[in-house]
There are 2 protein chains.
Amino acid sequence: MIEPLEQLRSTLQDHGQSLTRPRKKVFTTLQAKGPLTMAELIQASGTSLDRASVYRTIKLYEQLGIVQRLQIGWKYRVELSNSFQHHHHHMYCTQCGNVIAMPEDTVLEERLQALAANISFSAQDHQIEIRGICANCSRT
Amino acid sequence: MIEPLEQLRSTLQDHGQSLTRPRKKVFTTLQAKGPLTMAELIQASGTSLDRASVYRTIKLYEQLGIVQRLQIGWKYRVELSNSFQHHHHHMYCTQCGNVIAMPEDTVLEERLQALAANISFSAQDHQIEIRGICANCSRT
DNA sequence: AATTATTTGCAAATATGTCGCAATTTGTGC
DNA sequence: GCACAAATTGCGACATATTTGCAAATAATT
């Protein structure tokens with residue numbers, strides 16, 4: 001398995017971009033804390049990073065396919081994309097706000113492929129969110 | 001089939017809310033024009049409604065499960081939820097920005113149910129977005 | 001039609017996202 | 001490791017999006 005930071009560096013290099021301290025920080029923060037809202041990400045990146053830099057970094061990362069946005073609950077969040085972590089989807093507990101990653105499911109994935117193919121839609125990516133109440137909360 | 005507006009009224013009433021002119025307007029606009037960004041919705045609701053009221057209405061509707069947000073491309077949009085229109089998902093063409101509704105698929109739906117049930121997650125709702133290039137655009 | 005509680009519109013406050021530019025940092029070649 | 005050119009950052013100023021307090025207007029009830 002390749003060092004994630006090395007993979008990041010080479011992805012950036014392939015596009016003539018360099019791996020700077022802020023970009024590294026954003027990456028490791030996402031690595032450590034999973035899907036975050038921009039506000040959380042800015043906050044978690046520490047006071048050393050400027051809002052604008054975080055936004056710029058995320059915009060770049062999104063273009064290079066390093067991160068992806070998800071709509072979870074009220075605000076969108078960003079997380080590392082499939083090249084940097086296993087492909088997965090989310091369940092969102094509307095009670096406690098917890099986000100649970102669901103394991104990859106081949107049946108599901110293939111079905112989605114098929115549905116797109118049916119109408120000659122060339123699928124590149126997809127996202128699934130299940131909303132409901134998690135085991136923990138429904139136990140109450 | 002129940003009158004949608006009646007269904008709206010009773011949903012509101014069940015929660016001690018009343019069906020006002022602005023709320024009616026937002027509802028019928030969504031009915032007529034499908035998934036809209038807030039800006040579009042505000043615009044389409046006409047100058048008679050204040051921005052703030054539209055936001056408040058959407059927040060309320062979301063809590064009552066009358067509308068749901070979708071992340072389509074960069075901005076989120078709102079549309080009526082499954083109780084008010086047929087359950088469906090979307091494909092989003094990253095080229096032309098078109099949104100294509102995909103027909104309901106039982107295999108897909110059941111699989112999602114099963115996956116949630118597996119971890120005792122009580123699923124209430126879900127949303128799927130497939131991003132890619134539509135038939136029209138890839139023909140070029 | 002009068003009463004009371006809810007909801008609206010308005011104006012102002014916050015929050016979120018973007019931009020230009022001087023100062024700093026990065027990658028590169030020596 | 002140092003100097004240079006190019007890329008990137010942080011800052012402050014904007015632009016846009018969303019929320020809030022409150023007096024006035026509207027809805028449900030009697």
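The model shown is predicted, which means the values in this text are computed figures rather than measured ones. Chain A is the first sequence line, chain B the second, and so forth, proteins listed ahead of strands; every chain is numbered from 1.
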**Q** Do Leu64(A) and Asp14(A) have side chains that get closer than 4.5 Å, going by heavy atoms?
**A** no
**Q** Examine the side chains of His87(B) and Glu109(B) and answer whether a donor and an acceptor come within less than 3.5 Å of each other.
**A** yes
**Q** For Gln7(A) and Ser83(A), indicate whether the former's side chain and the latter's backbone hold a donor-acceptor pair under 3.5 Å.
**A** yes
**Q** Using a cut-off of under 3.5 Å, enumerate the N/O to N/O pairs linking the protein to nucleotides 20-22 of chain D.
**A**
from, atom 1, to, atom 2, distance (Å)
dG21(D), O6, Arg56(B), NH1, 3.4

**Q** Below 4.0 angstrom from OP1 or OP2 of dA7(D), is there any side-chain N or O of Gln17(A)?
**A** no
**Q** Looking at Leu70(A) and Gln127(A), what are the two nearest heavy atoms and their distance?
**A** CA-NE2, 3.4 Å
**Q** Should Ser53(B) be listed as having a side-chain N or O under 4.0 Å from OP1 or OP2 of dT7(C)?
**A** no
**Q** Mind listing the closest non-hydrogen atom pair of Phe84(A) and Leu8(A) along with its distance?
**A** CE2-N, 3.8 Å
**Q** Look at the side chain of Arg23(B) and the backbone N and O of Thr57(B), then say whether any donor-acceptor pair between them is shorter than 3.5 Å.
**A** no
**Q** Identify, residue by residue, the members of residues 19-27 of chain B with a heavy atom below 4.0 Å from DNA chain C, and return them in order of residue number, or none.
**A** Thr20(B), Arg21(B), Pro22(B), Arg23(B)
**Q** Using atom NE2 of His15(B) as one end and atom P of dT6(C) as the other, report the distance to the nearest whole Å.
**A** 16 Å
**Q** Taking the basic N atoms (NZ, or NE/NH1/NH2) and the acidic carboxylate oxygens, is any pair closer than 4.0 Å for Glu62(B) and Lys59(B)?
**A** no
**Q** Mind calculating the distance between CD (Glu62(A)) and P (dG17(C)) to the nearest angstrom?
**A** 12 Å
**Q** Between Ile130(A) and His89(A), is any pair of side-chain heavy atoms under 4.5 Å apart?
**A** no
**Q** CG of Leu49(B) versus P of dA25(D): gap in Å, rounded?
**A** 17 Å
**Q** At how many degrees, to 10°, do the end axes of the helix from dA1(C)-dT30(D) to dC30(C)-dG1(D) meet when each uses five pairs?
**A** 50°
**Q** For residues 24-35 of chain A, please give each side-chain donor-acceptor pair under 3.5 Å, one per line with the distance, not counting sequence neighbours.
**A**
from, atom 1, to, atom 2, distance (Å)
Thr28(A), OG1, Lys24(A), O, 3.2
Thr28(A), OG1, Lys25(A), O, 3.0
Thr29(A), OG1, Lys25(A), O, 2.7

**Q** List the atom pairs, donor and acceptor, that lie under 3.5 Å between side-chain atoms in residues 113-123 of chain B and the rest of the protein, sequence neighbours left out.
**A**
none

**Q** Can you check whether Glu40(A) reaches Lys75(A) side chain to side chain, under 4.5 Å on heavy atoms?
**A** no
**Q** Verify, without hydrogens or angle tests, whether Ser81(A) (side chain) and Ile66(A) (backbone) share a donor-acceptor contact under 3.5 angstrom.
**A** yes
**Q** So which protein N/O to nucleotides 15-18 of chain D N/O distances come out below 3.5 Å?
**A**
from, atom 1, to, atom 2, distance (Å)
dT18(D), OP1, Tyr76(B), OH, 3.1
dT18(D), OP2, Tyr55(B), OH, 2.2
dT18(D), O5', Tyr55(B), OH, 3.1

**Q** Within the 4.0 Å heavy-atom criterion, would you say Ser48(A) contacts the bases, only the backbone, or no part of the nucleic acid?
**A** sugar-phosphate
**Q** Of the options Glu129(A), Arg77(A), Glu79(A), which is the one that meets His90(A) in a side chain to side chain donor-acceptor pair (under 3.5 Å)?
**A** Glu79(A)
